[in-house]
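Read the structure below first, then the notes.
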Protein chains: 2
Amino acid sequence: MLDQETARERALEAAEELFYSRGIQAVGMDAVRNASGISLKRLYRLFPSKEELVLEFLRQRDSRWQRALASYVDAQSRTEERIAAVFDWLYKWFSEPDYRGCAFINSFGELGAVSPEVAEQARHHKKAFHDYLAGLVRASGRPAELADQLALLAEGAITTAAIFGTPEPAHQAREAARFLMHTHPGPDLPELRR
Amino acid sequence: MLDQETARERALEAAEELFYSRGIQAVGMDAVRNASGISLKRLYRLFPSKEELVLEFLRQRDSRWQRALASYVDAQSRTEERIAAVFDWLYKWFSEPDYRGCAFINSFGELGAVSPEVAEQARHHKKAFHDYLAGLVRASGRPAELADQLALLAEGAITTAAIFGTPEPAHQAREAARFLMHTHPGPDLPELRR
DNA sequence: ATGTCGCGAGAACGATCGTTCTCCGATGGT
DNA sequence: ACCATCGGAGAACGATCGTTCTCGCGACAT
């Protein structure tokens, strides 16, 4: 018999895989049951409703995503390379065979108008990403507007890569980011300082 | 009695309003019937299935969107101003009270994994936008990669404005676009040519 | 061994959805 | 005036979904 914690983990694992790959409304609780091996009764004891399961899926995805990005970026020490690493990580992400865009953008488009909690999760996730970028930009001594612009490039790359099924937008965004960083030179680009 | 053509128009009008504002799966055919005043029987004679109605909604939205953008941009004659006008038009669009992002990104996230035709419509729409930008960039004598980058900025602004509910991303994207245009100077920016 | 409790398997239930059908009134041609 | 045809309103149907309930088995305490 599975203890409560691992049952919860397996349920969320299956939910993440299914919701992300097929969309939320296209996946019934029966599909989560079949994929996870957790009975409906137990699913409903762990999560009082499908909406709660969806929200937990989004919360888990948010923290995993942030952790994966940060641990990749942290391998770089110079701040420009850390910023560039964000786009390299995006390239890696886009190259995964079952990449299907940003789960939060997708959920927002599907349920944002009908579920305020889903909309709030999307805002939270995007704000966290923006704040993370803002921290990197700030550490490089550049103005805050650069973080806004880099965030737009990243978001655009995420949806363009999803719709066209190619990771190339990550490279295009990285190039654009490089140019924008040069127009906002920071103290660690001495060759561009005047 | 409504002739077939105006019945079709009213049905599509109601479908566009409902699908865009609430999402596709959240809108039943009964809601389209109530909003349009077109009976179910007639709806199903005009569109053999909900999927066909959805696809027609997307096709109509695509051509309207392209027309609205182009007619706004065409008010400018200098090519830099035409490119900047793209982002000004986005600002206007984002400021509409019922703005809820790009119908194609939303539909792709909701149904792209389950309906190849919907995914194809999204690709078609995004490719048309990219091609349009590429034409503007080309006319300004700048390299094609700039069009890729501007497209990413625009896409990022579209989703960011939707999720945060503010039109500001259009201005941020416009600023970034200005910088990128300066790093790719064209023949109509003589003061920057060397 | 017996009784009890918790659990999984899956049936069941009520709601909703896409789609079709029935009924009936209106319309137009002769 | 009469008949045939069309269309609207909405009931009906079958499928699916979220959620709950029933049943029966196995574990564990005494």
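Protein chains get the first letters and strands the later ones, always in sequence-line order, with residue 1 at the start of each.
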Parallel, tilted or perpendicular: which fits the ring planes of A/His184 and B/Phe179, with parallel below 30° and perpendicular above 60°?
-> perpendicular
Residues of residues 43-57 of chain B with any non-hydrogen atom less than 4.0 angstrom from an atom of DNA chain C: list those, numerically ordered, please.
-> B/Tyr44, B/Ser49, B/Lys50
A/Arg123 NZ/CZ over B/Phe164 ring centroid, <6.0 Å and within 45° of normal | no
Salt bridge flag under 4.0 Å for residues A/Arg59 and A/Glu52 = yes
Mind running a 4.0 Å heavy-atom check of residues 18-29 of chain B against DNA chain C and sending the residues that fall below it, in number order?
-> B/Val27, B/Gly28, B/Met29
Protein-nucleotides 12-14 of chain C N/O pairs closer than 3.5 Å?
none

Partner of A/Arg142 under side chain to side chain contact (heavy atoms under 4.5 Å, CB included), picked from A/Leu180, A/Leu150, A/Val137, is A/Val137
Side-chain donor-acceptor pair under 3.5 Å between B/Glu16 and B/Gln60, yes or no?
-> yes
Pick from B/Trp65, B/Tyr72, B/Phe87: which one makes a ring pair (Phe, Tyr, Trp, His ring centres under 6.0 Å) with B/Trp93?
-> B/Trp65
Looking at residues at least two apart in the chain, or sitting in another chain, which of them share a salt bridge (Lys or Arg N to Asp or Glu O under 4.0 Å) with A/Glu155?
-> A/Lys126
When you measure from every atom of DNA chain D, which of residues 106-114 of chain B have a heavy atom less than 4.0 Å away?
-> none
In whole angstrom, what separates B/Arg33's CZ from D/dG10's P?
-> 7 Å
Would you call A/Glu5 and A/Arg8 a salt bridge, taking side-chain N to carboxylate O under 4.0 Å as the test?
-> no
Partners meeting salt bridge (Lys or Arg N to Asp or Glu O under 4.0 Å) with A/Asp74 (sequence neighbours left out) | A/Arg82
Would you check if there is a donor-acceptor pair between the side chains of B/Ser115 and B/Glu51 at a distance under 3.5 Å?
-> yes
Roughly, in whole Å, what's the span from CZ in B/Arg42 to P in D/dG10?
-> 17 Å
Is the shortest side-chain N to carboxylate O distance from B/Asp88 to B/Lys92 below 4.0 Å?
-> no
Carboxylate-amine/guanidinium proximity below 4.0 Å for B/Arg64 and B/Glu13 = yes
Please answer: with hydrophobic residues joined when any side-chain heavy atoms are less than 4.5 Å apart, are B/Tyr91 and B/Leu152 in the same cluster?
-> no
